[in-house]
Amino acid sequence: MKIGVYPGTFDPITHGHTDIIRRSLRLFDKVIVAVAAPSPSKHPLFDLTERVEMVRLVTKDLARVEVAAFDGLLVQYVKQCGAQAVIRGLRAISDFEYEFQMALLNRKLDDTIETVFLMPSEEYSYLTSSIIKEVARLEGPVTDFLHPEVATRLCQRLRRQSP
Ligand code: PNS
């Protein structure tokens, strides 16, 4: 059984992420979407439970997808899942340096795990959770980029935060 782990912060999950999950189901028998616990360098808007909940909601109709939270080293988690690969989306050249560094570091940590890069559909190639949060913060429309329930939660969260 081919298992891939798709890790990320998913703060929140966008149509770009969902596109990568759908594409990865063509390559893997099972895809585990692994939502990362907060790290010292990242301060997500949504807590881990909320981010997991939103990924579950968006992927509920995808039979071979599992969603889980993870903490600690990614390669250890991948091993623990019995998976063979890490899945990452590659949008633009600007992603490359960070992804290259992460893939090579992960390989150095565990040479038995491969990283597979998938390109999202071009309509999502410019999407990032950060840019969508900025649009929402400025009260712009985000419904083209997010599942309706995720869009609602994002707007509610930002409304609660504003002074
Ligand atoms: O969606 P993101 O923020 O680009 O995801 C980054 C993530 C969570 C995949 C990465 O930070 C990660 O793998 N964190 C787990 C800790 C780890 O293994 N670090 C070493 C590899 S960078």
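Read the numbers this way: they start at 1 and go in the same order the structure lists the ligands and their atoms. A quick note: this is a predicted structure, and the numbers were derived from the prediction, not measured.
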Original post:
To the nearest 0.5 Å, how far apart are OG in Ser121 and NE2 in His15?
Top reply: 11.5 Å
Subject >> Distance (rounded to the nearest 0.5 Å) between Gln101 CD and Phe96 CZ >> reply: 11.5 Å
Original post:
In Å and rounded to the nearest 0.5 Å, what is the CZ to CG distance from Arg153 to Leu45?
Top reply: 12.0 Å
Original post:
Could Arg23 and Asp19 be called an ion pair, given the rule that one side-chain N must be under 4.0 Å from one carboxylate O?
Top reply: yes
Original post:
Can Asp110 and Thr112 be said to form a side-chain hydrogen bond (donor to acceptor under 3.5 Å, both in side chains), step by step?
Top reply: CA-CA 6 Å; Asp110 189 332; Thr112 65; 2.6 Å; yes
Subject >> Partner of Val52 under side-chain contact (heavy atoms from CB on, under 4.5 Å), chosen from Ile13, Val33, Leu57, Val35 >> reply: Val35
Does ligand 1 have any N/O atom under 3.5 Å from a protein N/O, and what are those pairs and their distances?
residue	atom	partner	partner atom	Å
ligand 1	1 (O)	Thr9	N	2.9
ligand 1	3 (O)	Thr9	OG1	2.5
ligand 1	3 (O)	Lys42	NZ	2.4
ligand 1	4 (O)	Arg88	NH2	2.9
ligand 1	5 (O)	Arg88	NH1	3.4
ligand 1	18 (O)	Leu74	N	2.8

